[in-house]
Amino acid sequence: MQLWRGGMAVLACFILVSLTGLLAQQEAATVEPIPDNHPKTVRGPHGSLSAGETEYIQRRKEVVLESLGRLHINCTVDSVPHIALLGSGGGQRAAVALLGSLHQMGQDDLLDTLLYLGGVSGSTWAMASLYSDPQWSINMEPALSKLSGTQPRKLRSLLWLQNRAREDNFSLSEIWGLMVSILIMNHLELRHLSVEASRKSTNPYPVYTAIEKKCHTSGSIEALWFEVTPHEAGFTELGLFVPTAYLGSRFQEGELKEQKPEMDMVHLQGIMSSALAQKDSFEHLRPHWLNMTTAGDVAKDQLRVHYTLFILVELLKSGLNISQLEELQERIDDNLHKKVLLEAMTTEEQISALQQENLALYETVHTWCQNLPTLYQCTMMMEKLLPLALRWEWGTTGNFLYQFKDSKVPPCLQSKQLHLIDSALSINVPYPPFLGEKRDIDLLIVPEFSAGEMFETLTLARDYAAAVGKPFPVIDDQVLKDKDWPKDFYVFPGEHDQPTIIFMPLFNRKNCKDEAEVQARMVQYSTFRPPFSQENMTALQEMASANIKNNKDAIVKEIQNAVVRRQSRRNMADPEL
């Protein structure tokens with residue numbers, strides 16, 4: 001327990017030092033009223049779109065039809081292809097690269113061919129920023145300029161955090177979402193996703209994704225993927241949804257019992273990118289002296305806490321330039337890399353040694369915290385955060401399927417709360433919501449920004465599709481041999497009801513001379529690192545843009561093929577047409 005107390009004392013102080021000025025007054029949370037016409041029951045189970053999404057997509061097809069005409073592709077409204085662009089995870093690398101890709105698609109008149117834009121993890125940061133502008137696809141310059149803009153007011157950020165801390169479902173996801181908003185995206189986006197439900201179809205329809213932590217741990221595939229759109233939120237394979245405005249409210253037996261404030265985009269960003277919720281996220285980063293096998297969970301806990309804190313300190317220091325953090329950062333770094341001679345100890349001695357190391361850190365942080373001018377707020381936040389840290393509580397929200405009477409609801413969804421976390425922990429590209437009849441996708445455009453082994457997201461998605469009985473194109477095993485130095489463009493053709501997939505690795509043979517340069521780029525733009533410099537962001541955007549620009553003709557060809565396939569399928573379904 002001392003391990004956690006030391007770690008969370010540091011985290012509490014980080015938040016207070018980074019976000020406080022002298023607080024003169026508390027500000028009540030603003031809650032937008034939910035319209036009376038929202039259904040107050042669980043929808044499903046079935047595989048159809050919501051009425052709101054159906055209407056949006058029908059209007060969006062008119063935009064797509066005009067775009068296809070400008071590309072000299074003959075088409076009718078009935079044969080408009082269903083095209084989705086899927087943004088992968090990858091932290092700030094994914095957010096910046098997705099913006100660069102979309103910007104170039106706009107320049108090349110490809111952006112309006114998209115019906116959908118789906119995101120996971122870091123790509124959802126870019127989406128949250130983009131959709132703050134109802135007209136973003138017409139002019140992306142404001143979204144790009146935010147990345148190098150001024151940070152949100154610290155006092156406003158602290159007030160947001162204090163208001164959230166009063167809620168029953170307050171978790172570490174809100175803290176992470178705030179860090180992302182302030183230090184990476186430079187924008188505190190407090191709008192609610194449901195307000196987009198009444199917008200015109202100027203932009204592709206957004207689909208955000210998460211997974212349910214307990215179901216992920218238990219191995220339940222059908223209750224794993226969770227999608228959130230402007231109209232509704234729920235489980236992809238179960239087909240059970242509630243209006244997005246009620247996500248987090250208290251339901252029982254499928255009926256609304258108590259309305260809670262809708263989570264805003266800061267909170268959603270924290271949920272969608274909460275890879276830290278996985279307890280072993282940092283195990284591969286362990287120093288050589290930390291014996292992970294004999295010291296067991298205590299060693300894993302120490303590694304996770306220390307690297308989490310180290311990253312947060314780096315983020316805060318580079319983003320806010322607070323001098324008090326420098327001394328604390330040195331102490332954390334010294335503690336992590338101190339050579340504790342574990343090899344000669346018994347398991348009990350190792351555990352005791354690690355606990356003593358963290359007790360010393362806790363005492364150091366406690367003294368450091370007492371010297372701050374905002375001790376009252378520091379103490380208050382520690383009281384809130386310590387229990388969350390002891391449970392490693394992420395993504396907590398009300399379970400709208402609590403006591404819902406349906407045999408499809410598995411045991412992992414029987415409690416009063418859901419724990420929604422980063423879907424990248426399952427598949428780092430949001431394929432699941434776009435497979436099968438529900439959205440009936442013809443073409444998936446996937447600019448791949450993931451770390452790890454190239455093509456892994458494709459093979460994981462293929463295996464997922466097989467497990468849930470969804471169509472997926474064949475992946476040629478020969479292609480997998482390119483994993484260390486991939487091409488910049490691959491096509492995996494779909495047959496019958498399978499979607500065709502365009503797969504475009506960010507670092508490839510066009511912009512990297514060999515395998516070593518690919519790896520160097522991944523280190524330069526690694527997922528867990530301080531915010532990128534303006535120079536690095538510009539270079540990354542340009543690489544992502546070039547991948548689209550260099551392959552425009554090939555993309556247009558696959559869009560044309562998608563039109564032909566949809567028309568052919570339509571003719572087979574109704575020969576009289």
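What you see below is based on every heavy atom in this structure, not just the backbone, and it leaves out hydrogens, waters and symmetry mates. Here the structure is a predicted model, which is why all the values come from computation and not from measurement. Positions are given from 1 along the sequence.
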Asker: Do Q524 and M522 have side-chain heavy atoms sitting under 4.5 Å apart?
Answerer: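 No, every pair of side-chain atoms sits at 4.5 Å or beyond.
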Asker: Does CD belonging to Q534 count more than 12 external heavy atoms closer than 6.0 Å?
Answerer: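 Yes, CD of Q534 has more than 12 neighbouring heavy atoms, counting only those of other groups under 6.0 Å.
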Asker: For T397 and K260, test the side chains for any donor-to-acceptor distance below 3.5 angstrom and give the result as yes or no.
Answerer: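 K260 and T397 do not have a side-chain donor-acceptor pair below 3.5 Å.
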Asker: By side-chain hydrogen bond (donor to acceptor under 3.5 Å, both in side chains), which residues pair with N511, not counting sequence neighbours?
Answerer: none
Asker: Just by distance, with hydrogens left out, do W394 and D422 show a side-chain donor and acceptor under 3.5 Å apart?
Answerer: no
Asker: State the CD-NZ distance between E227 and K438, to the nearest 0.5 angstrom.
Answerer: 4.0 Å
Asker: Taking the side chain as C-beta and beyond, is there a heavy-atom pair between N203 and Y56 under 4.5 Å?
Answerer: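 They are in side-chain contact.
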Asker: Consider only side-chain N and O atoms of Q104 and D108, and report whether a donor and an acceptor are under 3.5 Å apart.
Answerer: yes
Asker: Could you check whether any side-chain N or O of S88 sits under 3.5 Å from a backbone N or O of V429, counting only pairs where one atom can act as donor and the other as acceptor?
Answerer: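 Pair absent, no side-chain N/O of S88 close to backbone of V429.
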Asker: Would D112 and S67 count as having a side-chain donor-acceptor pair, cut-off 3.5 Å?
Answerer: no
Asker: Check the side chains of S171 and E174 for a donor-acceptor pair under 3.5 angstrom, ignoring hydrogens and angles.
Answerer: yes
Asker: Hey, are the side chains of P204 and Y131 touching, using non-hydrogen atoms and a 4.5 Å cut-off?
Answerer: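 Yes, at least one pair of side-chain atoms sits under 4.5 Å.
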Asker: In Å and rounded to the nearest 0.5 Å, what is the CZ to OG distance from F226 to S423?
Answerer: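 These two atoms lie 11.5 Å from each other.
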Asker: Are any of the side-chain heavy atoms of L540 and F532 separated by less than 4.5 Å?
Answerer: yes
Asker: Going by an N to O cut-off under 4.0 Å, is there a salt bridge joining E55 and R60?
Answerer: no
Asker: Tell me whether R191 contacts the main-chain N or O of M265 through its side chain, where contact means a donor paired with an acceptor under 3.5 Å.
Answerer: no
Asker: Any heavy-atom pair between the side chains of W225 and F235 that's under 4.5 Å?
Answerer: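 Counting from C-beta outward, F235 and W225 never come under 4.5 Å.
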Asker: Measuring only between side-chain heavy atoms, which start at C-beta, is L130 closer than 4.5 Å to L99?
Answerer: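 Yes, their side chains come closer than 4.5 Å.
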Asker: Does I271 offer a backbone N or O that forms a donor-acceptor pair with the side chain of W176 under 3.5 Å?
Answerer: no
Asker: Do Y205 and E196 have a side chain donor and acceptor closer than 3.5 Å?
Answerer: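 No - no donor-acceptor pair under 3.5 Å links their side chains.
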Asker: Ignoring hydrogens, what is the shortest heavy-atom contact between A544 and A97? Give both atom names and the distance.
Answerer: CB-O, 3.3 Å
Asker: Any chance you could lay out the side chain to side chain donor-acceptor pair (under 3.5 Å) test for E262 and S194, step after step, and finish with the verdict?
Answerer: CA-CA 9 Å; E262 179 183 353; S194 66; 2.7 Å; yes
Asker: Looking only at the side chains, is there a donor atom on one of R93 and T527 sitting less than 3.5 Å from an acceptor on the other?
Answerer: yes
Asker: For side chain to side chain donor-acceptor pair (under 3.5 Å), just list the numbers for T396 and N169, CA-CA rounded to whole Å, side-chain angles, deciding distance to a tenth of an Å, and then say yes or no.
Answerer: CA-CA 5 Å; T396 310; N169 288 328; 5.7 Å; no
Asker: Using a distance-only test with no angle check, is there a side-chain donor-acceptor pair under 3.5 angstrom linking S450 and E448?
Answerer: yes
Asker: Less than 4.5 Å apart, any side-chain heavy atom of P430 and any of Y116?
Answerer: no
Asker: So do I441 and L115 actually touch side chain to side chain, heavy atoms under 4.5 Å?
Answerer: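 In short, these two side chains do not touch, never coming nearer than 4.5 Å.
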Asker: Could you go step by step and tell me if F400 and Y246 meet the ring-ring contact (aromatic ring centres under 6.0 Å, His included) rule?
Answerer: CA-CA 9 Å; F400 64 90; Y246 290 135; over 10 Å; no
Asker: Taking atom types as modelled, find out whether S129 and E189 have a side-chain donor-acceptor pair closer than 3.5 angstrom.
Answerer: no
